[in-house]
Amino acid sequence: MGKGSIVIVSTGMLIGGDITVRCQETIKQADVVFSLMSSAVGDSWLDELNPNHKSLQYLYGKTKHRMDTYEEMVEVMMQEVRKGKKVCGAFYGHAGVFAWAPHEAIRVAKKEGFEAKMLPGVSADMALFADLGIDPATKGVQAFEATQFLFYKHQINPVSHVILWQIGLIGEHSAKSFDIPEKGPQILVDYLSQWYPLDHSIALYECAVLPIFETRIEKIKLGDLVNVDLNLITTMVIEPLGELEPNEKILGKFGITEKMVGSRD
Amino acid sequence: MPTKPNTKALKGLIVRLGQEPDLLQAYSNSPKEVMLGAGVPSKQIDTIMSGSKREIENLLGNAYFVSHIISTTKT
Ligand SMILES: C[S@@+](CC[C@H](N)C(=O)[O-])C[C@H]1O[C@@H](n2cnc3c(N)ncnc32)[C@H](O)[C@@H]1O
């Protein structure tokens, strides 16, 4: 048996349809595949691609600290790498976006002298850009983990789009629960009101991971956030407010005015 | 305890719907026929046709999925 290795692959959002060719081939060719999918359909799909597939879902526990779960995921994968196996870790979306365990597996494997790499994929925000018609180039995009945004002093740039991930756990500080604290949405609304009026437009986004379901795109007013369903898969988008403000000082350094930027004249 | 239904044909079809736009189009037009053609048992077809997301998730075994969360607020 050769030296062990690990490749972390991304399976995308839509099960079966979003995966890249190289991610799929990596799954097929691995000695063993560990996964975290967003649906049981994903598990049976991976079973078909590689009979040596095991889900890591069983490591979650209702009151277990999530960092314990994530460390165990890394350890379970690493045990096979140390045995000399070609290991594949398959994670839904982009395996490295808002996902600690896949990055950690690579860090640990490299530290122990094994070959390790991650392959990218379609993440929730990439699907969101397509479904909501947002181009990050237009006014920029900021993204935060929703609870971290509340607990730490991040600064919003209201001119850009703002994406808040894990809004369905807003204010959940223990890392042991999958329930949203009742006051989370209200505290968020109050906090955001320093940048936005309460009737400012936001969108709640849940892209369908199975083609038999509909994608949820619910446009509401910021103040109504307290009245809507927030789930573990909900991502929140805040629409831009106001116009881009020219930086006269920098424009001056180039010897131009804002009118000349992209002008056809 | 009731025995778990065998959902292999249904799950296989759902994966293909995500991969084959023509099949998805056919499914949008006549879901029942496409499911019958893929060998999905009639009871499962009824569940899908009911449109009840909760029942469909139960049938597929998605009810307890929390793997959506693989990140903490601070590491
Ligand atoms: C731990 S992160 C994992 C993200 C994943 N690695 C990706 O690439 O999208 C979980 C968060 O991703 C977002 N997310 C996951 N599934 C989603 C879906 N189907 N639609 C919209 N957002 C989703 C939500 O913000 C959710 O709270």
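Each chain gets a letter, A, B and so on, in the order the sequences are listed, and its residues count up from 1. Here the structure is a predicted model, which is why all the values come from computation and not from measurement.
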(request) Kindly say whether A:Y70 contributes a backbone atom to a donor-acceptor pair with the side chain of A:E75 at under 3.5 angstrom? (result) no
(request) Side chain from CB out, backbone as N, CA, C, O: work out which of these in B:I14 comes under 4.5 Å of a heavy atom of chain A, or both, or neither. (result) both
(request) With salt bridge (Lys or Arg N to Asp or Glu O under 4.0 Å) as the test, would you mind laying out the steps for A:E72 and A:K64 before giving the verdict? (result) CA-CA 12 Å; A:E72 285 167 20; A:K64 185 169 167 185; 2.7 Å; yes
(message) Counting heavy-atom pairs closer than 4.5 Å to chain A, which one of B:T7, B:V15, B:L10, B:I48 comes out on top?
(response) B:V15
(message) Pairing donors with acceptors under 3.5 angstrom, does anything connect the side chains of A:H161 and A:Q142?
(response) no
(request) Let me know if B:L13 has heavy atoms under 4.5 Å from chain A in its side chain, its backbone, both or neither. (result) neither
(message) Would you say B:T47 and B:E55 are linked by a side-chain donor-acceptor pair, where the criterion is simply a distance under 3.5 Å?
(response) no
(request) Applying salt bridge (Lys or Arg N to Asp or Glu O under 4.0 Å), run through A:K28 and A:E25 and close with a yes or a no. (result) CA-CA 5 Å; A:K28 284 187 187 166; A:E25 285 308 304; 3.4 Å; yes
(message) Is it the case that the side chain of B:E20 and the backbone of B:L23 share a donor-acceptor pair, with hydrogens and angles ignored and the cut-off at 3.5 Å?
(response) no
(request) Please check if the side chain of A:H103 supplies one atom and the backbone of A:G96 the other of a donor-acceptor pair under 3.5 Å. (result) yes
(message) What part of A:F213 gets within 4.5 angstrom of chain B, counting heavy atoms only: side chain, backbone, both, or neither?
(response) side chain
(request) Apply the side chain to side chain donor-acceptor pair (under 3.5 Å) test between A:T234 and each candidate in A:E206, A:E218, A:Q166; give the one that qualifies. (result) A:E206
(message) Is A:L14 in contact with chain B via its backbone, its side chain, both, or neither, using a 4.5 Å heavy-atom distance?
(response) side chain
(message) Sub-4.5 Å heavy-atom contacts with chain B: which residues of residues 44-53 of chain A show up?
(response) A:S44, A:W45, A:E48
(message) Given 3.5 Å as the limit, does a donor-acceptor pair link the side chain of A:S55 with the main chain of A:Q57, or not?
(response) yes
(request) Give the member of A:G17, A:A146, A:P211 that has the highest number of heavy-atom pairs under 4.5 Å with chain B. (result) A:P211
